[in-house]
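Reviewing the structure listed below.
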Amino acid sequence: MKYIVVCEKVVPNVANIPPNGWKENPKTGEYTLDRSVLDNEPDPLARQAFYAALNVRDRLNKDIKIITITMGPPMAEEILRDSIAVGADEAVLLTSKNFAGADTRATAYALAQGIRKTEEVLMDGAGEYMIFAGKEAVDGDTAQVPIQIAKELGVECIAYAGGYSVNGNSLLFHRMTEYGRETVSPLKTPCLVTFISHTHARFRNFARTRWSQREKEIYVWGPDEIGAKAERIGGRGSRTQVYNIFTPPKKETANCIFPKSIESAVDLIEQAYSGKIKLSKAEEEKGELQKYTLNGRESEYRGDVWIYAEQYNGKLHPVSFELLTKARELADTLGVKTGAVLTGKNIDPLAKDLIDRRADKVYLAAHDLLDEFHPTHYTNAVVQTIDKYGPPQILLVGATPLGRELAPAVSYIKDAGLTADCTHLYIEDYKNRKGEVKKTGILVQRRTALGGNIMADIMTKDSVMQMATVRPGVIKACSPHLDWKGEVEKFSPKLLPDDTKIKVLSREHFTNTGGIEQAKIVVAGGMGLKNSNNFTNLLADLSEAVSNRFQEKVEVGASRRAIEFKLVSTTCQQDRGCQIGQSGKSIRPKLYIAIGISGAVQHTEGVKNSEIIVAINNKEEAPIFQFADIGLVGRAEEIIPQMVKCLNNGMGG
């Protein structure tokens, strides 16, 4: 390997978006972000990928050249010059007004074209390079672009790398999966790697800073220079568009009760948990509950409503049942049937479980190479299923680590629109500003964006299939219907071992794959715990006491900032499996106890479906109390030991 290309990104500072931060196209009604009125900064995960490239060069071969590339407005040149000052050798800026308004698909295509041009001009067309990128960008949190770049370039993608090691002249990557960890080695370059870990920051060198500012040429290319087709970039090349944006509505206070003593709080928690009393909840958002009917009209898209049924080791992921519940609702509205795509080896019995959840058809793709998840084999199996039995008009995939690798690859191959991490889905007519119906019976895909500061309604355009990944835990799965009648279509997809250019060297499976998403009780900590000792010890003591009192396993979670500031264990820092919120896990436990968590919308989006929410915070005005049922104001170091004592001594019950 002679080169590393790093995909960098400039993102808006999402902490404070002004009212004029979005602009609307008066002709189409489409919304795009107006970057000119926002403060901008380097994307943190993309920056970590850059630091990883510098570290690899130091450890593997000091002759490796690092080329950094970004797409954005002219001001994005600043991040490239900063990268040169830190250690990059060359820099490429893709900039043009024609790139504006791009969704992930159009963005991936433009960047892939830029990388092709970079290989030709700066690498002599050698092909001896790797591409490093962040797992996702903070302004989108979709994890789609790197995977779609890999598909456009026809190279393998190693996603969710938590670290790497050097074996002779080879790089080994240690990646996180939904069910464990893998050590993998690329058998061929080019290859793309996305990083989730936070490596040590590197700092500017004075001489390099002067060189980057005064002498170093930045390669600035537009669509013509990189050979990009006009119909595949910007808004024209996008398969999705934002047609409505709004600030998340302020939830009314959930009538939070502030007990006068710790004993009273424990008593209240126990009565609520046992069902002796019912706590008042804040009113839920009603937007997705509106009734829609076609009234004899035909919907814009054709086909049934499908889901991808995720399974592991012969057991279906709970999100599969959640998706089927939503698919049934959407299919009934559209007057079509539901289907479930199931991939794996020796998984025939699972088809009945899906039919019991009201799947009309189960498309079972069985093959020995599908025994364990491999992105290439699974992608090919799903694509072949669509080609053989579809396409559906809607395909829903769980926003799990597996689903977030699979869905972008499938959507790119099938030229389909994809919206990631949706929290609400419903059918609606798309109308222009005059109220005229332009698209009938389309899927409205609602998701949080820009760190949870806004909500966006997104629609698919110019595509035969509408795709969305859905956050686990946001839909309540229906009960089994044992008398439901469905059909199974089984086939063997055409897969070959040589389809993939990645070798799996080792796998480590988690012994317990339930995690916080399936837990009945979750205790979570935030920055209010101040340090890792408090986080570890206080949460461990409280979890043990709660578990003993309610005779239920307790899972420990964390806010995003608690993870980023390394208050949590090393494992959680690497795989983010305990992260709760808009960019982590959505949960719906019976009891959720939040300690030292302020309650920003990014976090509360992931816990709003909890049955009982208890908040402990030293600030009475903390937003978390607007969502909590029971609140305790004070320092966690004082409250938790008293709660533990009450729980252990049977007080309050």
Side-chain angles (χ1 to χ4, degrees), residues 178-179 301-398 400 402-403 406-407 409-411 413-414 416 464-470 472 475 477-496:
E178 175 80 0
Y179 307 103
Y301 294 88
R302 301 290 182 269
D304 294 332
V305 179
W306 287 10
I307 70 145
Y308 175 74
E310 181 176 334
Q311 64 83 25
Y312 170 72
N313 201 23
K315 184 178 180 181
L316 286 164
H317 193 295
V319 75
S320 302
F321 301 133
E322 297 170 11
L323 295 178
L324 263 178
T325 300
K326 176 56 69 172
R328 182 79 263 165
E329 174 192 318
L330 298 173
D332 289 346
T333 300
L334 294 166
V336 298
K337 296 184 180 298
T338 60
V341 181
L342 181 61
T343 57
K345 176 185 176 183
N346 299 327
I347 52 173
D348 296 44
L350 299 182
K352 178 65 167 59
D353 295 333
L354 295 168
I355 292 172
D356 287 347
R357 302 296 179 125
R358 299 194 294 173
D360 294 311
K361 282 198 174 184
V362 176
Y363 303 102
L364 200 160
H367 198 287
D368 288 349
L369 290 174
L370 300 175
D371 189 28
E372 294 274 2
F373 174 69
H374 189 289
T376 299
H377 294 321
Y378 268 55
T379 297
N380 291 344
V382 173
V383 168
Q384 290 178 39
T385 304
I386 294 171
D387 291 341
K388 186 176 180 66
Y389 299 106
Q393 64 173 294
I394 295 171
L395 174 59
L396 306 180
V397 183
T400 62
L402 186 154
L406 183 67
V410 171
S411 71
I413 292 172
K414 298 308 297 178
V464 297
M465 185 167 58
Q466 305 165 96
M467 288 185 63
T469 62
V470 183
I475 300 168
C478 69
S479 300
H481 291 246
L482 301 181
D483 58 346
W484 193 264
K485 304 298 181 184
E487 302 176 27
V488 179
E489 297 278 2
K490 183 178 179 179
F491 81 109
S492 180
K494 296 179 181 178
L495 307 175
L496 296 172

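These numbers were taken from a predicted model, which means no experiment stands behind them. What's counted below: heavy atoms across the whole structure, side chains too, no hydrogens, waters or symmetry copies.
Residue Leu354 comes nearest to Ala340 through the heavy atom pair CD1-CB, 4.0 Å, listed as atom of the first residue, atom of the second, then distance. Ser320 and Tyr308 get closest at one heavy-atom pair: OG-O, 4.4 Å. Gly403 and Glu310 make their closest contact through N-OE1, 4.2 Å (heavy atoms, listed as atom of the first residue, atom of the second, distance). The nearest pair of heavy atoms linking Leu323 to Leu396 is CD1-O, 3.9 Å. Nearest heavy-atom pair, Thr400 versus Pro472, reported as atom, atom and distance to 0.1 Å: CG2-CG, 3.9 Å. Between Gly486 and Ile355, the shortest heavy-atom contact is N-CG2, 3.5 Å.
A distance-only check finds a donor-acceptor pair linking the side chain of Thr338 to the backbone of Arg358 [under 3.5 Å].
With sequence neighbours excluded, the residues forming a side chain to side chain contact (heavy atoms under 4.5 Å, CB included) with Lys352 are Asp356, listed by chain and number. Under the rule for a ring pair (Phe, Tyr, Trp, His ring centres under 6.0 Å), the partners of His377 that lie at least two apart in sequence or sit in another chain are His374. When the side chain to side chain donor-acceptor pair (under 3.5 Å) test is applied to Asn313, no partner is found at least two apart in sequence or on another chain. A search for side chain to side chain contact (heavy atoms under 4.5 Å, CB included) contacts involving Ala407 returns Val397, Leu418, Met467, Thr469, not counting sequence neighbours.
To the nearest 0.5 Å, atom SG of residue Cys478 and atom NZ of residue Lys326 are 12.0 Å apart. The distance from the OH atom of Tyr312 to the CD atom of Glu372 is 6.0 Å, given to the nearest 0.5 Å. Separating the CG atom in Leu330 from the CD1 atom in Ile307 is a distance of 12.0 Å, to the nearest 0.5 Å. Rounding to the nearest 0.5 angstrom, the gap separating the CD atom in Glu322 from the CD1 atom in Ile475 is 6.5 Å. Put simply, OG1 on Thr343 and CG on Leu370 are 5.5 Å apart, with the number rounded to the nearest 0.5 Å. In this structure, the separation between NE2 on His317 and CD on Gln311 is 11.5 Å, given to the nearest 0.5 Å.
With contacts defined as side-chain heavy-atom distances shorter than 4.5 Å, the pair Ile394/Leu334 qualifies. Side-chain contact between Asp360 and Arg328 is present, with at least one heavy-atom pair separated by less than 4.5 Å. Side-chain atoms of Arg302 and Gln393, non-hydrogen and from C-beta on, never get closer than 4.5 Å to each other. Contact check for Val319 versus Val470: no side-chain heavy atoms found under the 4.5 Å cut-off.
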side-chain contact (heavy atoms from CB on, under 4.5 Å), that's the test. Do Ile386 and Leu395 meet it? Break it down for me.
CA-CA 10 Å; Ile386 294 171; Leu395 174 59; 4.2 Å; yes
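Screening residues 378-389 for side chain to side chain donor-acceptor pair (under 3.5 Å), with sequence neighbours left out, gives Asp387-Lys414.
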May I have the list of side-chain donor-acceptor pairs in residues 488-496 shorter than 3.5 Å, sequence neighbours left out?
| unit_1 | atom_1 | unit_2 | atom_2 | d |
| --- | --- | --- | --- | --- |
| Lys490 | NZ | Asp348 | OD1 | 3.3 |
| Lys490 | NZ | Asp348 | OD2 | 2.8 |
| Ser492 | OG | Ala366 | O | 3.4 |

